[in-house]
Protein chains: 2
Amino acid sequence: MPDSGAPACLLCLFRHVCHNAGPQAPLPHAPMALQPELVEVRTGEHVFRQGRPALTVYPLRHGSAKQVYESPLGWRQVTGFSLPGDVLGLEPHEGPVYGTGAIALQDAMVCAVSVESLRTLMQAAPFRETVLEAMRRNAERERVLLVAVGSMRAPQRLAMLLLDLAGEQARRDGNRDGALTLAMSRTDIASLLGLTLETVSRLLSRFASVGLISVRQRHLRIIDRDGLAAVYADLDPAPRQAAARSEAYGGEFGEPRLA
Amino acid sequence: MPDSGAPACLLCLFRHVCHNAGPQAPLPHAPMALQPELVEVRTGEHVFRQGRPALTVYPLRHGSAKQVYESPLGWRQVTGFSLPGDVLGLEPHEGPVYGTGAIALQDAMVCAVSVESLRTLMQAAPFRETVLEAMRRNAERERVLLVAVGSMRAPQRLAMLLLDLAGEQARRDGNRDGALTLAMSRTDIASLLGLTLETVSRLLSRFASVGLISVRQRHLRIIDRDGLAAVYADLDPAPRQAAARSEAYGGEFGEPRLA
DNA sequence: CGATAGATTGATGCAGCTCAACGCGTGTGG
DNA sequence: CCACACGCGTTGAGCTGCATCAATCTATCG
């Protein structure tokens with residue numbers, strides 16, 4: 001029977017086609033076909049492993065997770081964090097296997113939706129569009145991360161992450177006071193951003209000492225959002241011009257750093 | 001009329017469904033439906049621009065191109081290079097707009113295939129699989145790049161790129177003697193790898209002085225492939241252990257650098 | 001209450017960025 | 001045909017941001 005919907009269900013991709021989500025406006029031509037099994041995943045355990053057959057996607061109900069990619073040579077890197085409402089294992093190209101692994105950052109609850117049923121549902125145009133839109137957001141995220149890691153300085157990268165986390169948080173519970181609980185370790189953050197855990201720790205302390213945030217362990221509050229945004233945009237600390245011009249002409253590429 | 005196929009056509013995704021490609025074994029249930037218009041793109045010009053409606057994909061016939069991504073804040077970064085046979089503008093998630101831009105590195109010739117006809121053709125399962133496989137390779141490439149930029153040292157990154165370029169080259173003309181012509185500038189390489197052009201230049205010189213390669217301007221030859229591979233795998237220079245273990249257990253993530 | 005994992009902080013070093021000068025190769029105009 | 005300029009590449013010298021190594025502190029849990 002419907003459990004009337006967890007808070008995460010309100011943001012879930014599948015909310016309009018899932019009985020678990022409770023009463024929702026249905027989508028035209030998309031039947032309420034889903035009543036996914038709930039699966040518990042304990043802290044540090046895999047939701048799924050990279051390279052295994054991708055038969056299921058996992059909307060996240062409670063808890064949080066990190067995506068981890070392991071390159072052919074065995075280098076591992078965190079490629080993203082997921083919060084309730086996100087769908088884990090959603091690959092854009094119907095891969096036969098998972099392209100990354102997902103590991104719970106805390107005891108978590110996920111729904112198990114077979115990709116088979118997902119594919120069926122995606123035959124309905126409006127639902128398909130929703131899913132594709134989510135995939136596009138994921139791809140955009142990865143690209144932003146690549147640029148960050150490839151051409152921004154450590155403080156900018158961290159500021160970016162904090163702003164992103166706060167934004168996601170706000171999108172979920174509407175909590176705009178900037179209070180965050182970091183489910184991931186400093187090591188995970190460092191891996192995502194291409195830094196070391198010491199650097200992350202130091203930067204958090206520095207941000208705090210400058211009044212941008214407050215931190216104690218994994219409890220963090222954003223105090224000066226605009227200040228953080230300025231760090232992200234690099235208007236602040238380093239001898240580095242504002243820059244950033246669009247509409248590239250010819251052979252140009254010009255990051256700000258080289259402008 | 002069929003032009004009997006350029007060399008690039010032999011590797012093209014569309015070779016089995018395209019009249020331009022000349023005689024090819026047809027794919028079951030996939031008609032020879034394509035006879036794309038040829039378009040010339042001059043050095044430094046866009047094949048298409050990021051953010052514009054993605055109505056066409058462009059198999060590359062002659063020349064080469066770079067993909068450039070510009071983040072919302074205006075930071076630009078090269079995200080990849082394309083060689084003849086690659087399909088430019090192929091987005092995994094049928095985006096309404098191009099997620100990156102593509103710029104010709106030299107005077108180039110592309111075929112123009114409407115995504116509409118592409119979608120039609122993809123209804124045939126065997127063809128669809130081919131295309132999806134290509135998309136997966138692209139995604140994998142981006143992830144490898146992310147890991148490289150995020151956690152490998154400059155020499156490894158460059159070695160990786162050279163090996164990759166040589167591999168692609170070999171896949172095309174079977175030329176396994178390691179001779180490459182770099183169509184892209186040092187600046188482009190630096191952008192891709194998250195380095196500066198000076199570092200790239202210095203590293204190429206260093207590689208050459210150690211006998212791994214020879215370089216003169218944009219002509220490059222790989223002399224010691226295994227040596228380069230060793231640099232890539234980081235068995236060589238830095239005080240950094242071999243590492244790389246698979247089958248991650250719980251909360252671990254462990255890049256070699258931090259192991 | 002000891003043990004263990006995570007986080008903070010400090011001291012030190014170096015890889016790679018920055019700034020700068022120069023070399024090469026190609027095109028352009030006198 | 002040479003002079004010059006301009007884009008691209010190379011090389012050097014110096015500096016610094018971040019990694020590295022190491023010690024200590026804090027939380028959590030058996």
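So that the names make sense, note that chain A is the first sequence line, chain B the second, and so on, each numbered from 1.
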Residue-phosphate contact under 4.0 Å: A/R218 side-chain N/O, C/dG6 OP1/OP2: no
Check: protein-nucleotides 9-11 of chain C nitrogen or oxygen pairs below 3.5 Å:
residue	atom	partner	partner atom	Å
C/dT9	OP2	A/S205	OG	2.6
C/dG10	N7	A/R202	NH1	2.7
C/dG10	O6	A/R202	NH2	3.1
C/dA11	N6	A/R202	NH2	3.4

Difference in axis direction between the ends of the helix from C/dC1-D/dG30 to C/dG30-D/dC1, five pairs, 10°: 30°
Spacing between B/L195 atom CG and C/dT18 atom C1', to the nearest angstrom: 14 Å
B/E142-B/Y69 side chain donor-acceptor pair, cut-off 3.5 Å: no
Aromatic ring pairing B/Y98/B/Y58, orientation class (parallel under 30°, perpendicular over 60°, tilted between): tilted
Non-neighbouring partners of A/S201 that pass side-chain hydrogen bond (donor to acceptor under 3.5 Å, both in side chains), sequence neighbours left out: none
Donor-acceptor pair between A/Q77 and B/S151 side chains, under 3.5 angstrom: yes
Separation of D/dG7 P from B/Q106 CD (nearest whole Å): 20 Å
Salt bridge (Lys or Arg N to Asp or Glu O under 4.0 Å) contacts in which one or both residues fall within residues 164-179 of chain B, not counting sequence neighbours: B/D86-B/R172, B/R141-B/D164, B/R141-B/E168, B/E168-B/R171, B/E168-B/R172, B/D177-B/R221
Proximal nucleotide (of C/dA7, D/dG9, D/dC18) relative to the B/Q217 side chain: D/dG9
Within residues 208-216 of chain A: residues closer than 4.0 Å to DNA chain C (heavy atoms): none
Return all side-chain donor-acceptor pairs below 3.5 angstrom for residues 99-111 of chain A, not counting sequence neighbours, or 'none' if the list is empty.
residue	atom	partner	partner atom	Å
A/Q106	NE2	A/S64	OG	2.7
A/D107	OD1	A/T43	N	2.8
A/D107	OD1	A/T43	OG1	2.8

